[in-house]
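Side chains included, hydrogens not; waters and symmetry mates left out as well; all remaining heavy atoms used.
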Amino acid sequence: MRDTVDLSEQERQVYAFIQQRRGAQSDDVAGLLRVGKRQAQKILARLVDCGLLRRVGAGRSTRYMLVGEVSK
């Protein structure tokens, strides 16, 4: 597992959520954290930049998955 020590509490929640669900969209994360969609996208982008998540797809169908996990 990659190092999650330097993550904020929200980033850790999102990482654990995506581990359990095997992927999520920004709307899912916004609902989980009770934040706006743009804030959820920023958190997801940070996790991608850290190498913990990868972005799959584009536009409204964009999903975020753990690095190394195969998409369905």
Please check this pair: side chain of [X] against backbone of [Y], looking for a donor-acceptor N/O pair closer than 3.5 Å.
| X | Y | answer |
| --- | --- | --- |
| E11 | S8 | yes |
| R54 | V67 | no |
| Q13 | L32 | no |

Look up atom [atom1] in [X] and atom [atom2] in [Y], then write down how far apart they are to the nearest 0.5 Å.
| X | Y | atom1 | atom2 | value |
| --- | --- | --- | --- | --- |
| Q10 | K42 | CD | NZ | 12.0 Å |
| I18 | D28 | CD1 | CG | 8.5 Å |
| R63 | L44 | CZ | CG | 11.0 Å |

Excluding sequence neighbours, so at least two apart, what forms side chain to side chain contact (heavy atoms under 4.5 Å, CB included) with V48?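 With neighbours one apart ignored, the set is L53, Y64.
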Test side chain to side chain contact (heavy atoms under 4.5 Å, CB included) on T62 and Q25; report intermediate values, then the result. CA-CA 6 Å; T62 302; Q25 293 182 297; 5.9 Å; no
Using the rule side-chain contact (heavy atoms from CB on, under 4.5 Å), only one of V29, L7, L66 pairs with L47; which is it?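 When V29, L7, L66 are each tested with L47, the side-chain contact (heavy atoms from CB on, under 4.5 Å) holds only for L7.
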Nearest atoms (heavy-atom pairs only) where S61 meets A58: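 So the minimum-distance heavy-atom pair works out to OG-O, 3.0 Å.
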Could you pull out the closest heavy-atom pair between A40 and S26, with the gap in Å?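 It is CB-O, 3.6 Å.
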